Number of protein chains: 2
Amino acid sequence: MAMVRGRRAHRKLATRDALQRAALELVRSNGPDAVTVEEICARAGVSPRTFFNYFTSKEEAIIDWDAEIDAFVTTAVAERPPAESPVRAIRAVLASAVGDAMGMDMWQDRMELIREQPGLIGRFVAVMGSVQRALAAGVARRTGLATDHLYVAVTAAASVAAIRTAIQAWTDAPDGTDPARLIDDAFAYLESGLAPPAH
Amino acid sequence: MAMVRGRRAHRKLATRDALQRAALELVRSNGPDAVTVEEICARAGVSPRTFFNYFTSKEEAIIDWDAEIDAFVTTAVAERPPAESPVRAIRAVLASAVGDAMGMDMWQDRMELIREQPGLIGRFVAVMGSVQRALAAGVARRTGLATDHLYVAVTAAASVAAIRTAIQAWTDAPDGTDPARLIDDAFAYLESGLAPPAH
DNA sequence: TCGATAGTTTGCAGTCAGTGCAAGGAATGC
DNA sequence: GCATTCCTTGCACTGACTGCAAACTATCGA
């Protein structure tokens with residue numbers, strides 16, 4: 001957490017938080033398409049114009065993304081034991097990261113939201129793009145290859161495809177299903193070169 | 001090609017084509033954000049309201065997608081020799097499909113467009129989602145597993161990630177680079193379980 | 001050939017997202 | 001205190017997109 005100095009900076013954080021909270025609540029009860037920026041602002045006690053000083057789109061307020069998470073993912077992947085293959089490193093980092101996230105109320109809420117409101121998938125995909133770049137940076141550091149080397153890019157993209165699929169499967173699965181298990185299985189398929197299951 | 005009977009159906013096709021052509025030309029010269037639906041319609045000789053009888057968004061007119069292609073991909077994957085693994089089957093189908101597409105002027109144009117106008121990537125991703133569903137259906141038919149089986153879903157998603165990455169790499173590569181080669185390399189990484197290149 | 005029918009186009013009016021600008025207000029540094 | 005800087009807000013505007021009802025036109029049966 002960055003230090004907050006001064007009344008001004010504090011108020012900014014509070015406003016941002018109020019907007020996000022208002023957006024989340026309204027979308028939760030009405031669905032994403034039935035909520036207008038105006039309503040969100042009314043609830044947060046802020047003018048509509050101000051909304052766009054904080055977020056560039058309605059969806060961004062609902063599911064925002066912190067650049068700090070990307071930085072964390074990059075270094076976490078880079079610093080896994082060198083003996084591990086890149087995919088293994090990614091698998092380890094994501095399994096624990098997602099596991100942690102599921103423990104946090106805020107994320108539990110958002111995941112539930114995505115589960116219920118398919119209209120937010122677009123935004124979710126955008127966020128995953130951010131994760132993909134972070135993973136690519138980590139793999140690049142770890143292998144000494146360039147970020148845009150084909151191997152690095154494919155590894156990051158395929159890994160994100162795997163988590164995305166696992167999360168998708170989880171949203172379709174019955175309540176109580178363990179997401180970590182699905183992520184693990186998805187990565188196992190990846191690491192096997194996508195060989196069909198013995199079955 | 002479906003048979004066109006009657007003047008009415010013929011005119012409809014012509015209008016659709018005119019709109020698409022107009023959109024493509026304008027975007028080509030001005031970039032996607034600088035083109036309005038109104039301009040597209042003026043050039044196609046049609047009222048703005050009519051535009052939305054044909055396409056649900058501006059982007060859809062620029063890069064549209066035919067459901068017939070999806071159907072083709074599904075059966076092509078399903079009918080590859082049974083000895084091939086699912087990824088191999090996908091690789092074979094996509095390599096030839098993309099190879100063919102590159103030969104067609106229309107697609108060459110669109111690819112150039114995506115290369116030059118990063119603002120269209122969102123729409124491109126949407127189209128890839130359609131391809132992903134088609135691939136999943138093909139793999140399901142071929143393995144006897146359900147379409148939403150985790151293995152099937154991961155295979156389709158990872159394959160799409162591989163093509164998308166290859167195309168991305170191609171857009172960044174110098175002119176004259178062979179896209180088929182990049183696709184091939186990307187799938188080779190996938191099939192190896194994302195093992196890092198020897199080098 | 002004519003007239004009923006059904007499919008298409010279009011104008012109109014309206015909602016909503018998102019942006020640029022300039023004025024007002026409040027925190028901050030000196 | 002006072003000037004500066006940052007933030008908010010209202011206003012006016014562009015542009016995507018939708019529903020509705022009226023005008024038009026191809027089609028088809030009598």
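Each chain gets a letter, A, B and so on, in the order the sequences are listed, and its residues count up from 1. Quick caveat: nothing in here was measured; it's all calculated off a predicted structure. Heavy-atom basis, side chains included; hydrogens, waters and symmetry copies ignored.
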Whole-Å distance, B:I40 CD1 to D:dA16 P, equals 8 Å
In whole angstroms, the gap separating P of D:dT14 from CG of B:D33 amounts to 17 Å
Among D:dC7, D:dT27, C:dT28, the one nearest any side-chain atom of A:R7 is C:dT28
Heavy atoms of A:A137 and A:T74 approach each other most closely as CB-CG2, 3.6 Å
* Asked: Does A:L26 belong to the same Ile/Leu/Val/Met/Phe/Trp/Tyr cluster as A:V46, with side-chain heavy atoms less than 4.5 Å apart forming each link?
  -> no
Self-check item: Side-chain-base donor-acceptor pair under 3.5 Å for A:R8 and C:dT28
Solution: no
- request: Specify whether B:H149 and A:Y189 have parallel, tilted or perpendicular ring planes, treating 30° as the upper limit for parallel and 60° as the lower limit for perpendicular.
  value: tilted
When rounded to whole Å, the CD to C1' distance for the pair B:E60 and D:dC17 reads 13 Å
Atom CG of A:N53 and atom C1' of D:dT9 are separated, to the nearest Å, by 9 Å
Separation of C:dT28 atom C1' from A:R11 atom CZ, nearest Å, is 16 Å
(message) Can you confirm if the NZ or CZ of A:K12 lies within 45° of the ring axis of A:Y54 and under 6.0 Å from the centre of its six-membered ring?
(response) yes
Worksheet item: Any side-chain heavy atom of A:R91 within less than 4.5 Å of one from A:I183?
Response: no
Main-chain N/O of B:R80 paired with B:R142 side-chain donor or acceptor, under 3.5 Å
yes
Base-pair string, DNA chain D, Watson-Crick plus G-U, cut-off 3.5 Å on both distances, | for inter-strand, is ||||||||||||||||||||||||||||||
With sugar-phosphate taken as primed atoms, P, OP1 and OP2 and all else as base, the protein-contact string of nucleotides 17-23 of chain C at under 4.0 Å (heavy atoms; B, S, -) is SBBBB--
Rounded to whole Å, CZ of A:R16 lies from P of D:dC7 at a distance of 13 Å
> B:K58 side chain to B:D33 main-chain N or O, any donor-acceptor pair under 3.5 Å?
Replying inline: no
Of the candidates D:dT9, C:dT8, C:dG11, the side chain of B:S47 sits closest to C:dG11
Whole-Å distance, B:L19 CG to C:dT8 C1', equals 13 Å
- Item | B:F51 and B:F55 aromatic ring geometry - parallel, tilted or perpendicular at 30°/60° bounds | tilted
Here the distance between atom P of D:dT27 and atom NE2 of B:H10, to the nearest Å, is 11 Å
Expected list for residues 121-133 of chain B: side-chain donor-acceptor pairs under 3.5 angstrom, two or more places apart:
from	atom 1	to	atom 2	distance (Å)
B:R123	NE	B:I63	O	2.8
B:R123	NH2	B:I63	O	3.0
B:S130	OG	B:W65	NE1	3.3
B:S130	OG	B:D70	OD1	3.3
B:S130	OG	B:D70	OD2	2.4

